[in-house]
Q: 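Take a look at the following structure, please.
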Amino acid sequence: MKIYDSSARAKVDFEPLEPGKVRMYVCGPTVYDQIHIGNARTFLAFDVIRRWLVASGYEVTFVQNLTDVDDKIIRRAQEQGRTAEEVAGECSEAFIEQMRRFNVIDPDIRPRATKEIGPMIGMIKGLVEGGHAYAADNGDVYFSVRSDARYGHVSGRDVDSLLAGARIEAGELKRDPLDFALWKAAKPGEPTWDSPWGPGRPGWHSECAAMVHRYLGTPIDIHGGGSDLAFPHHENEAAQAECCWGGDFANHWMHTGMLLIEGEKMSKSLGNFFTLKEVLDKHSAAALRLLMLQTHYRSPLDFSFERLQGAESSLSRIATAVENLRWAAGHVPQGAEPGAQLAAGLVAATERASAAFEEAMNDDFNTAEALAAYFALVSEANQYLERCEGAADPEAATACAASILGAFAILGIELPVRQSDLPLALVGVAQGLVGYGGDDVDEAAQAILDARAQARAAKDWGRADAIRDELTALGLLIEDTAQGTRIRRA
RNA sequence: GGCGACGUCGCCAAGUGGUAAGGCAGAGGCCUGCAAAGCCUUUACCCCCAGUUCGAAUCUGGGCGUCGCCUCCA
């Protein structure tokens, strides 16, 4: 398996530090609002990466934090006249709910920054004692970037070139413009915790470093996040961890491309965002996942509702193919002899798709190419159903359908395969339509189909269509296929 | 200004040396009583220029354009 290590700026062979086990950490959201679909894109990418690692036989420990203390939360709370704790708690629950709706698997451990203050203080203390950090007169504690010879290796920057953009904000007491806050002295109205430097709260970069160390131990195999976190967040996390505990912080860094709206980065500060909730209120999680996974995770992804609609169409096509395969497998006409050569072709196509899928996923999680392999299989399956003239090989068709479902399941995409069971209301319709007297749904369906078949045989198209219209009103379709007529959910 | 990425069919997008996957949309046709589902056909000199090479979308140089990071951001 190859992965792209954004710190090494190259695809590398992935070997876990401990054979068979993968420890990964992905920076979670700052909980001050609903997350937007840009955030969701990153979490989706790592969800799929995790699923593939698991499918490949690795034992994965996945940790994702919740940043529940931060300037933005405090500001939002003040705006709404509530406590920061209330805002963070509510947004945390909303985040978890939306991620589950998006079919993202819960992390194994989801630490909250506010519950990890002790370990953070411990780490900062270690840095101060080691000469990598210093307390200012106002109670702030800063990390001394110049004390870290490796600073810059995560994001590929050179310390001197960073100077141009660095500055000291009013009220900060840094010795060097490059330094960053590990601990922020308390200001009025803010949540605070006691520390050796007085009351205050941790800086963002310190939270993740401490949580990674506590729950996974350093170095970890994979540290992930959006590409906008590479600098300064990840750089600063790594600097602290490496100066505090020595060695590497993360063996590999992985960064996702940004989600764009009309060519521009979606972000709350630009105001051009859609929340995950509002998108999932209108579209399926499967469609949004498909849309996103049709672009490689490292590339920028241009989002639009037109594309999302297109993804819905794609899903429907694939789901229909699965339904058709299953239907054909279960409805081979009496005495029909499935063509062995055609069936062998379908089996071979299924194996080809499966192998291509695996190869693409192993090449830095190339979901776009992996999906293409299965779109190709759908096309071959449809051709098979066309050519087998009603006599499908049940085994080959079933295996093909299972392979398609399985591949999409690995990507966390639940295909909208319509249920084959028919609604009870069919009995009532049969009573009204053909005077059916029993109470069995399948019998009722058969009675309706028989009546329609009679009407069609008599070329009474009006009656045949009236019967179909009755079922359409129930959300059912009558379709005439090579294997016969069927009723299914629309 | 510094660093990085990208520019492939109407839209999206894979493909990093051997004459261009796939999805969506459009057009025509087939099947069908009509539908539905599906099948077939159909549109790419891979931003421009120059170079390396037997051969480049893929490598090198230049140009034009777009985006990201450098400040909170997934």
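Convention: sequence-line order gives letters A, B, ...; per-chain numbering from 1. Quantities reported herein were computed from a predicted structural model and do not represent experimental measurements.
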Q: Side chain of Asn366(A), heavy atoms from C-beta onward: which of A14(B), G68(B), C72(B) has the nearest atom to it?
A: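 So the side chain of Asn366(A) is nearest to A14(B).
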Q: Return the nucleotide paired to G22(B): Watson-Crick means purine N1 to pyrimidine N3 with N6-O4 or O6-N4, wobble means G-U with N1-O2 and O6-N3, both under 3.5 Å.
A: C12(B)
Q: Can you list everything that forms a side-chain hydrogen bond (donor to acceptor under 3.5 Å, both in side chains) with Gln98(A)? Sequence neighbours excluded, please.
A: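 Counting only residues at least two positions away or on another chain, Gln98(A) forms a side-chain hydrogen bond (donor to acceptor under 3.5 Å, both in side chains) with Arg101(A).
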Q: In this structure, how many angstroms lie between the P atom of G23(B) and the CG atom of Leu288(A), rounded?
A: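 That distance rounds to 20 Å.
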Q: Tell which nucleotide pairs with A27(B), taking only Watson-Crick or G-U wobble pairs whose two distances are both under 3.5 angstrom.
A: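 Checking every strand shown, A27(B) finds its partner in U41(B), with both distances under 3.5 Å.
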Q: Once each nucleotide of nucleotides 6-13 of chain B is scored for protein heavy atoms under 4.0 Å, what B/S/- sequence comes out, 5' to 3'?
A: ------SS
Q: Quick one: which of C72(B), C70(B), A74(B) gets closest to the side chain of Leu162(A)?
A: C70(B)
Q: Excluding sequence neighbours, so at least two apart, what forms side-chain hydrogen bond (donor to acceptor under 3.5 Å, both in side chains) with Arg456(A)?
A: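 Checked Arg456(A) against side-chain hydrogen bond (donor to acceptor under 3.5 Å, both in side chains); matches are Asp480(A).
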Q: Between atom CE in Met258(A) and atom C1' in U66(B), what is the gap in whole Å?
A: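 Taking atom C1' of U66(B) as the reference, CE of Met258(A) is at 17 Å.
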Q: Hey, can you tell me if Trp52(A) and Phe357(A) have their rings parallel, tilted or perpendicular (30° and 60° cut-offs)?
A: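 The rings of Trp52(A) and Phe357(A) stand perpendicular, inter-plane angle above 60°.
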Q: Contact class for Gly38(A) vs. all strands (heavy atom < 4.0 Å): base, sugar-phosphate, or nothing?
A: base
Q: Please list, one pair per line, the donor and acceptor atoms closer than 3.5 Å that link side chains of residues 367-378 of chain A to other protein atoms, with sequence neighbours excluded.
A:
from: Thr367(A); atom 1: OG1; to: Leu293(A); atom 2: O; distance (Å): 2.7
from: Tyr374(A); atom 1: OH; to: Ser403(A); atom 2: OG; distance (Å): 2.7

Q: I want to check a possible cation-pi pair here: Lys268(A) against Tyr32(A), using under 6.0 Å from ring centre and within 45° of the ring axis as the test.
A: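 Yes, Lys268(A) sits over the ring of Tyr32(A).
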Q: Does A74(B) have a Watson-Crick or wobble mate here (both distances under 3.5 Å), and if so which one?
A: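 With both distances under 3.5 Å required, A74(B) matches none.
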Q: Centroid-to-centroid, His234(A) to His255(A), below 6.0 Å?
A: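 Yes, they do, as the ring centres are separated by less than 6.0 Å.
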Q: Can you identify which nucleotide, out of G68(B), G23(B), G2(B), has its nearest atom closest to the Ser161(A) side chain?
A: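 Selected nucleotide (nearest to the side chain): G2(B).
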Q: Let me know, please, whether Glu264(A) or His36(A) comes out on the 5' side of the other along RNA chain B by nearest nucleotide.
A: Glu264(A)
Q: To the nearest Å, give me how far apart CZ (Arg9(A)) and C1' (C69(B)) are.
A: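 Computing the Arg9(A):CZ to C69(B):C1' distance gives 11 Å.
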Q: Does a donor on one side chain and an acceptor on the other come within less than 3.5 Å for Asp140(A) and Tyr142(A)?
A: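 Asp140(A) vs Tyr142(A): donor-acceptor pair found between side chains.
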Q: Applying the Watson-Crick and G-U wobble criteria at under 3.5 Å, what pairs with U32(B)? Answer none if nothing qualifies.
A: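 In the structure as shown, U32(B) has no Watson-Crick or wobble partner.
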Q: Quick check for you: among A25(B), G15(B), C70(B), whose closest atom lies nearest to any side-chain atom of Ser313(A)?
A: A25(B)
Q: Need to verify one output field. Residue with the more 5' nearest nucleotide on RNA chain B, Lys265(A) or Gly225(A)?
A: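 Final value for this comparison: Lys265(A).
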Q: What does Ser267(A) touch in the nucleic acid at a heavy-atom separation under 4.0 angstrom: a base, only the sugar-phosphate, or nothing?
A: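 Contact class for Ser267(A): base.
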Q: Salt bridge (Lys or Arg N to Asp or Glu O under 4.0 Å) with Asp33(A): which of Lys72(A), Arg75(A), Arg76(A), Lys277(A)?
A: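 Only one option passes, and that is Arg76(A).
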Q: Check whether any side-chain heavy atom of Phe95(A) lies under 4.5 Å from a side-chain heavy atom of Phe43(A), and answer yes or no.
A: yes
Q: Without decimals, in angstroms, what is the distance between Lys2(A) NZ and U16(B) C1'?
A: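 Taking NZ of Lys2(A) and C1' of U16(B), I get 14 Å after rounding.
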Q: Just by modelled atom types, is the Arg110(A) backbone N or O under 3.5 Å from a matching donor or acceptor in the Asn65(A) side chain?
A: no
Q: Round to the nearest Å and state the distance from Asp228(A) atom CG to A5(B) atom P.
A: 17 Å
Q: Calculate the interatomic distance between Leu290(A) atom CG and C24(B) atom C1'; express it in whole Å.
A: 10 Å
Q: Leu66(A) CG to A74(B) C1': how many Å, rounded?
A: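 Taking CG of Leu66(A) and C1' of A74(B), I get 14 Å after rounding.
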Q: Counting only Watson-Crick pairs (N1-N3 plus N6-O4 or O6-N4) and G-U wobbles (N1-O2, O6-N3), all under 3.5 Å, who is the partner of G4(B)?
A: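 Here G4(B) is engaged in a pair, and the nucleotide opposite it is C67(B).
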Q: Could you run through nucleotides 32-38 of chain B and give me one letter per nucleotide, 5' to 3': B if any protein heavy atom sits under 4.0 Å from the base, S if only the sugar-phosphate is that close, - if neither?
A: -BBBBSB
Q: Could you tell me whether Lys72(A) contacts a base, only the sugar-phosphate backbone, or nothing, with contacts defined as non-hydrogen atoms closer than 4.0 Å?
A: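 If one applies the 4.0 Å heavy-atom cut-off, Lys72(A) turns out to touch a base.
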Q: To the nearest Å, how far apart are Glu262(A) CD and G68(B) C1'?
A: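 Distance, rounded to whole Å: 18 Å.
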Q: Only counting residues at least two apart or in another chain, list the ones meeting side-chain hydrogen bond (donor to acceptor under 3.5 Å, both in side chains) with Ser92(A).
A: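 For Ser92(A), no residue satisfies side-chain hydrogen bond (donor to acceptor under 3.5 Å, both in side chains) once neighbours in sequence are set aside.
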